[in-house]
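Every value quoted in this text rests on a predicted model; they were computed, and no experiment measured them. In what follows, chains are A, B, ... by sequence order, proteins preceding strands, each numbered from 1. The basis for the numbers below is simple: all heavy atoms, side chains too, and nothing from hydrogens, waters or symmetry mates.
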Number of protein chains: 4
Amino acid sequence: MARAKDENKRSIILHSAKMLFAQNGFFNTSISDIVKETNLPVGSIYTYFTNKEEIVRVIVEEGWNELRARLFDTMGSKESGEVKLKKLIDNFIPEILNDLDLINILLSEAIKYTKIEEKVEELSTAIFGLVQSVAKDKKILEGFDKSSMEAALIVYFLGIFNAVKLVRSSSVGIKVQDILKFVKITVEKSLGITL
Amino acid sequence: MARAKDENKRSIILHSAKMLFAQNGFFNTSISDIVKETNLPVGSIYTYFTNKEEIVRVIVEEGWNELRARLFDTMGSKESGEVKLKKLIDNFIPEILNDLDLINILLSEAIKYTKIEEKVEELSTAIFGLVQSVAKDKKILEGFDKSSMEAALIVYFLGIFNAVKLVRSSSVGIKVQDILKFVKITVEKSLGITL
Amino acid sequence: MARAKDENKRSIILHSAKMLFAQNGFFNTSISDIVKETNLPVGSIYTYFTNKEEIVRVIVEEGWNELRARLFDTMGSKESGEVKLKKLIDNFIPEILNDLDLINILLSEAIKYTKIEEKVEELSTAIFGLVQSVAKDKKILEGFDKSSMEAALIVYFLGIFNAVKLVRSSSVGIKVQDILKFVKITVEKSLGITL
Amino acid sequence: MARAKDENKRSIILHSAKMLFAQNGFFNTSISDIVKETNLPVGSIYTYFTNKEEIVRVIVEEGWNELRARLFDTMGSKESGEVKLKKLIDNFIPEILNDLDLINILLSEAIKYTKIEEKVEELSTAIFGLVQSVAKDKKILEGFDKSSMEAALIVYFLGIFNAVKLVRSSSVGIKVQDILKFVKITVEKSLGITL
DNA sequence: AATGAATGAGTCTTCATTCAT
DNA sequence: TATGAATGAAGACTCATTCAT
């Protein structure tokens, strides 16, 4: 049972830190802030994590893994490519966007603390496959090799995430809905399909 | 009349700070780092800027103004919309991407230190106009209102900048060229034109 | 349970700071001076006090409380008014004057860091009562209402303290003894009694 | 004419500094504050005074001299002692109290920056003479030698000044009038006269 | 003489991490 | 293992004074 208690503390730290890092940034969050938020003694923080940096690293890593799992769950189903794509756009992306804290940290700290290239590679391979299987008129993807595809995915994902982040933290004149709508239209037009 | 404020010193500080902020981030750059880099005494930093924050703010603001000026220079010419668009894609964007330091800072600090919404608004209005004037088949823009356009621009610009940043700071499998190529193809397909 | 806060350290800091503040003033005493005097690391100063100002505030407050306690100890006894007055003049005041450090700080910083009016009010009420009970010939206090009494006490106390301070820090031609003697004579004459 | 201009600047500095020192204290007033207040360039401050300390010193010295002059003006007249004493209490002291700025500085900085003992000596000699000439019943001054007198004067003057200072800067329950009234009554009773 | 930019030692305070208990 | 006091290098910034112009 001691084990259960430990896991609990660990996750409390992770949870609070995630919120604080997302809200105030990594550098504007002190270990002491985490201590206050968790009501745990400082020493305990260092029982579960070797240092401040490791806390972000774990947040990013675990957050990513959960995301990845959810994605491959969707992608791995027996359904048609179009259905998968629809789920991707209508469910998966909006779900991700709910975890704004994670996105914030991912975007500002991930590069520093993770091997991001592996993540991108994995993601783009999976989606490239899906897109190819879906494109009605194969000519549409003409000139779109793996590199272009990867570029496209990176641009879109980073674009979407950052746009949502911007929309939520400034008073820019658009809404998250506009972004999602734009994405859907773009995918439909690009692939010549209707979702 | 004593010594006049030395515009040269001011620009040395700005230059060094820009590099350091871009390289190590705002919080990992200390005033003392700037002092070492510039070989100026601490006090001098503070004769030209009231505090550390003002240094980023000025970098962002002046950088943005220069960018904006170059953009409107291109946009304001008497040439056809297509030529302008071509210049935008072939010259302007690549030029921007050269100033990676500025992009880095813009992306990580701009929201905090500037009224970013005004900038976005200005930019998207200008480009919306251009795109409308260029789109061969007006049906192509069907369903694309101002909000969608703004969303698209934000997603693309943030996407491009962040993608370039990622490409340059990690060992992701694509090159800046791939990104630029993707952008060009996308614009051409979207508007049904060839640049 | 880790280390407990060391009451001893706290008091060393208070002691050293009191001496330094009294000797050189609040502004001419740096935290670094206190560090040197106490041989404690800087950080420790801040484990016991939130900032420099709090150190003075505590010195003033604790010093005052001790003083007050001693005063009411004397005043609260079952002895006659005259005996109490005698003790006040012969013991209490001279004792206070020994803690020159405290007086110095009290006089120069107290107004800023304490609600001095409450202290004055409390003191003057107590002494007014004593004086009334002692005055042989009630006519002597004629025309002496509460306000006059308060004025008198403030003038005398501030006068005595500052005079002692002056005597000790300059080479003025009188001694503390002269001041004490003057006070005694004045009280005796005013109240028509012999102590 | 250059001379006139100079004197003017000097006195502007002195005037502003006096106000600022009195209001915020010596250490909370920076040379830069004086610069802002006077609208003079920093360099000019140092043309007229060798350093910050000298500014207070001059304020104290000149303020004192003016005071002294006014006092001896009153004291040196051909009038009776009683009239002089009355003027002292009814005019001179209230007048002094108007220059609260000076009092503030005098009390907090004078000891450090002036040979205060000479001033006290001079003052007490003069007033001792006056008091002796006035005391109706010589027995009243019995036991009051020069030292006692000096002690009394120091206590009263410091008491009065500090009390006024206290009254004006805190919300203590008495008014300056109460202090002046107390002084008058005390003098009358002590000397057995009516002013 | 007048000016105000230049200077850098010194200020207070923070904070990630350690380690005695 | 749990705790939280201890630590001190490092942080941003100030300011009296000087001196080039």
Starting from C1' on F:dT7, measure out to CG on C:Asn39 and report it in whole angstrom.
15 Å
Test item: D:Asn65 side-chain N/O and D:Glu62 main-chain N/O as donor-acceptor pair under 3.5 Å
no
Does B:Lys5 put a side-chain nitrogen or oxygen below 4.0 Å from OP1 or OP2 of E:dA6?
no
Output yes when C:Glu61 and C:Arg57 qualify as a salt bridge under the 4.0 Å nitrogen-oxygen rule, no when they do not.
no
Rounded to whole angstroms, how far apart are CG on D:Asp33 and P on F:dT14?
12 Å
Basic-acidic side-chain contact under 4.0 Å: C:Glu7, C:Arg10
yes
Starting at the 5' end of DNA chain E and moving along, which residue's nearest nucleotide shows up first, B:Gly43 or D:Leu40?
D:Leu40
CG of B:Asn8 versus P of E:dA5: gap in Å, rounded?
16 Å
Would you say E:dA5 has OP1 or OP2 under 4.0 Å from some side-chain N or O of B:Tyr48?
no
Which whole-number value in Å describes the distance from A:Asn28 CG to E:dT14 C1'?
13 Å
When you measure from the side chain of B:Arg3, which nucleotide among F:dT14, F:dA20, E:dT17 comes out closest?
F:dA20
Would you tell me if any nitrogen or oxygen in the side chain of A:Ser32 comes within less than 4.0 Å of OP1 or OP2 on E:dC15?
no
side-chain N/O B:Lys9 vs E:dA6 OP1/OP2, d < 4.0 Å:
yes
Flag, side chain of D:Ser170 to backbone of C:Ile116, donor-acceptor distance under 3.5 Å
no
From CD1 of B:Ile34 across to P of F:dC13 the rounded distance in Å is 10 Å
Heavy-atom nearest nucleotide on DNA chain E for A:Thr29 versus C:Thr29: which residue maps closer to 5'?
C:Thr29
Need to verify one output field. Residue with the more 5' nearest nucleotide on DNA chain F, D:Ser30 or B:Asn51?
B:Asn51
What is the pairing partner of E:dT18, taking Watson-Crick or G-U wobble pairs with both distances under 3.5 Å in any strand?
F:dA5
Nearest whole Å is fine: how far is F:dG11 C1' from B:Glu53 CD?
15 Å
Just by modelled atom types, is the C:Val35 backbone N or O under 3.5 Å from a matching donor or acceptor in the C:Thr38 side chain?
yes
Could you tell me which nucleotide pairs with E:dA1 by Watson-Crick or G-U wobble geometry, both distances under 3.5 Å, or answer none if nothing does?
none
Of the listed nucleotides E:dA6, F:dC13, F:dC15, the one nearest the side chain of B:Lys52:
F:dC13
Between C:Phe21 and C:Phe26, what is the ring plane arrangement, given parallel below 30°, perpendicular above 60°, and tilted in between?
tilted
Rounded to the Å, how far apart are B:Phe26 CZ and F:dG11 C1'?
12 Å
Side-chain N,O (C:Thr47) to OP1/OP2 (F:dA5) below 4.0 Å:
no
Which listed nucleotide (F:dC13, E:dT13, F:dT17) is nearest to the side chain of D:Tyr46?
F:dT17
Ranking F:dG8, F:dA5, E:dA16 by distance to the side chain of A:Ile31, first place goes to E:dA16
Using whole Å, report how far CD1 of D:Ile45 lies from P of E:dA1.
16 Å
Base, sugar-phosphate, or nothing: which does C:Ser44 touch, judged by heavy atoms less than 4.0 Å apart?
base
